[in-house]
Amino acid sequence: MTTHPELSIEERIRQLLLHLKIRRAHFAASQPSDWTTLAGKHPQIFASLTLIGRVPVDPKTLEHLSSRLLVVYGDRGPDAPRVQRVLARLPDAELVSVGNYALNGSWNDIVGDRTDAVGNALKRFLARMNAPGAVEVEAPDGESGEVAGITYRIRGSGPPLVLLPLGLARSQWEPLIPMLRRRFATITLGGEHLGMVALLESRGHGFGYLRMFRSPVEETRIQPGNAILEVGCGSGVLVRWLARQTAGNNPITGVDVNRYLLNEAEVLALKDGVGGAIDFREGDAEALPFRDESFEVVLSVTVIEELDADRLIAEMIRVTRPGGRVGVIARSLDLPLVVNLPLDPELKTKVENVRTGSAEETGCADASLYGRFRQAGLTEVRMFPQWASFDTLDCYVLQMLQDGILGTLNPEEVQQWRKARAKAEAEGTFFISWPHHCAVGIKR
């Protein structure tokens, strides 16, 4: 089935709703890129909107929905004050804080971790929003399929409740489905055009990102027949690239702890014609489900920031055969961005030193990667920082980077940014380069 690459996100969702004969629905989401344009162009579709943790930098995006808006967030971590600042300008919105919980980044699984708290807040809010006539069409129970590149699955019956992806959360919406389906036709959306899968796919297909990825891959000196493993394969975009590059000459395995991502990865591999070339396995990067010395080449890309870095490296070495190569790419929090915009020097310095993303206390997002490789006993270690560049063709990644930057700026600085971006885009010169650390070593 064609994925209609020319369609926008809002048009894809709109076509899905038309297919299901839904004129108005409740929505629940996390990632702003999934819903902001749809809400801006077609606000009449929204009977209500629930946001889990994530709110746009600009509260104007939500003004027309504020009386129909619920935001559930964690009371700990650096994102909590920003959510409160945004919502302070939307007094009609409902804000629910989940106590003693840090909802930062895309890996958090608040629906799985705090099912009752999120479920009770959502149930109370939807009961208030579900006034007679607010939602006009009931979707059929049990239907699933794909429309305009968006996959859907309907469970339950009643007023439609559209559930967009929840970042990289393992549970997604599943713990709440039994409760929600008793009162609503829950319509779970997925596919390569939504949520973090869209971001991972956009990143992995980007010219600048692939150019960065090629360098450590070349250093691994893959030979025909070498068994290759990617730890933390996500949506599978990089193992699919490896499958195409190696033309079926190498057994390739992708492992990830996240079953939601693996399901998407398996579908995308089949669509890409390389499903038979990749073995997708569920497993923890800190306790890989493979025997010692199983692979010649073991790679991991932007996973080491999120867990025990030394344990990951040790596990990668354990499953590598003697003489095999281990390669890691880590997002950098100790190197500056490169932002190609005509900004005042002071503001340019400020935005280029914004740290996009975060790292766990035991993770690695800095130049300590190189010492960790040496300390783990790897030899002939090649070490090289890399910048992956993204321009307006890489809209998902660029938007994520920009959101991270704008969240640190005051209103006057935001205006200067927007003016500079418009000028640079008109000239065709706008890009942001994202720093990473890369290392490749040989197991003795």
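Just so it is clear, the model here is predicted, and its values are computed rather than measured.
- Other residues, nucleotides and ligands contribute over 12 non-hydrogen atoms within 6.0 Å of the CZ atom of Arg259.
- Once rounded to the nearest 0.5 Å, the distance linking CG of Leu20 with CD1 of Ile154 reads 4.5 Å.
- Within a 6.0 Å radius of CZ in Arg82, more than 12 heavy atoms belonging to other residues, nucleotides or ligands are found.
- Note that the CG atom of Leu38 and the CD atom of Glu11 stand 9.5 Å from one another [nearest 0.5 Å].
- Checking side-chain atoms of Asp34 against main-chain N and O of Gly195 turns up a donor-acceptor pair under 3.5 Å.
- Under the 4.5 Å side-chain criterion, counting only non-hydrogen atoms from C-beta, Leu398 is in contact with Arg421.
- Distance alone, capped at 3.5 Å, is enough to place a donor-acceptor pair between the Asn410 side chain and the Glu412 backbone.
- Of all heavy-atom pairs spanning Trp387 and Ser433, the tightest one is CD1-O, 3.7 Å.
- Contacts of Arg372 classified as salt bridge (Lys or Arg N to Asp or Glu O under 4.0 Å), with partners at least two apart in sequence or in another chain: Asp310.
- Remark: the backbone N or O of Pro216 is not paired with any side-chain donor or acceptor of Arg382 at under 3.5 angstrom.
- Enclosure of atom CZ in Arg170 is not indicated, since only 12 or fewer non-hydrogen atoms of other residues, nucleotides or ligands lie within 6.0 angstrom.
- Here the closest heavy-atom approach between residue Arg203 and residue Trp434 is recorded as CD-CZ3, 4.3 Å.
- Counting non-hydrogen atoms of other residues, nucleotides and ligands closer than 6.0 Å to CZ of Phe207 gives a total of 12 or fewer.
- Ring centroids of Phe213 and Trp241 are separated by less than 6.0 Å, placing the two rings close together.
- Note that NE2 of His19 is 11.0 Å distant from CD of Glu146, once rounded to the nearest 0.5 Å.
- In plain terms, the two heavy atoms of Gly236 and Phe280 that are nearest each other are CA-CE2, 4.2 Å.
- In the model, Glu201 has no side-chain atom that pairs as donor or acceptor with a side-chain atom of Tyr396 under 3.5 Å.
- Residue Asp391 comes nearest to Phe430 through the heavy atom pair CB-O, 3.5 Å, listed as atom of the first residue, atom of the second, then distance.
- Residues passing the ring-ring contact (aromatic ring centres under 6.0 Å, His included) test with Phe431, sequence neighbours excluded: none.
- Residues satisfying the ring-ring contact (aromatic ring centres under 6.0 Å, His included) test with Phe373, not counting sequence neighbours, are none.
- The structure places CG of Leu288 at 7.5 Å from CG of Leu312, a figure rounded to the nearest 0.5 Å.
- In this structure, the side-chain contact (heavy atoms from CB on, under 4.5 Å) partners of Glu230, at least two apart in sequence or on a different chain, are Cys233, Leu238, Val239, Val301.
- Between Leu194 and Ile13, the closest side-chain pair of non-hydrogen atoms falls below 4.5 Å.
- Partners of Glu315 under the salt bridge (Lys or Arg N to Asp or Glu O under 4.0 Å) rule, at least two apart in sequence or in another chain, are Arg311, Arg318.
- Judged purely by atom type and a 3.5 angstrom limit, Arg68 has no side-chain atom pairing as donor or acceptor with the backbone of His26.
- Tested against Leu189 for a side-chain contact (heavy atoms from CB on, under 4.5 Å), the candidates Val162, Val147, Thr151 yield a single pass: Val162.
- For the pair His64 (side chain) and Ala39 (backbone), a donor-acceptor distance under 3.5 Å is present.
- Considering every non-hydrogen atom in both Thr36 and Pro56, the closest pair reads CG2-CG, 4.1 Å.
- A donor-acceptor pair under 3.5 Å links the side-chain atoms of Thr186 to the main chain of Arg155, judged by distance alone.
- Judged purely by atom type and a 3.5 angstrom limit, Gln172 uses its side chain to pair as donor or acceptor with the backbone of Leu166.
- In this structure, Asn353 contributes its side chain and Thr349 its backbone to a donor-acceptor pair below 3.5 Å.
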Show every donor-acceptor pair shorter than 3.5 Å between a side-chain atom in residues 335-346 and any protein atom, with sequence neighbours excluded, or say none if there are none.
{"residue": "Asn340", "atom": "ND2", "partner": "Thr429", "partner atom": "O", "Å": "2.6"}
{"residue": "Asp344", "atom": "OD2", "partner": "Gln416", "partner atom": "NE2", "Å": "3.4"}

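- Between the side chain of Asn108 and the backbone N or O of Ala102, at least one donor-acceptor pair lies under 3.5 Å.
- A side-chain donor-acceptor contact under 3.5 Å links Ser300 to the backbone of Val231.
- Contact detail for Thr408 and Lys350: the closest heavy-atom pair is O-NZ, 3.4 Å.
- A distance of 12.0 Å separates CD1 in Ile187 from CG in Leu180, rounded to the nearest 0.5 Å.
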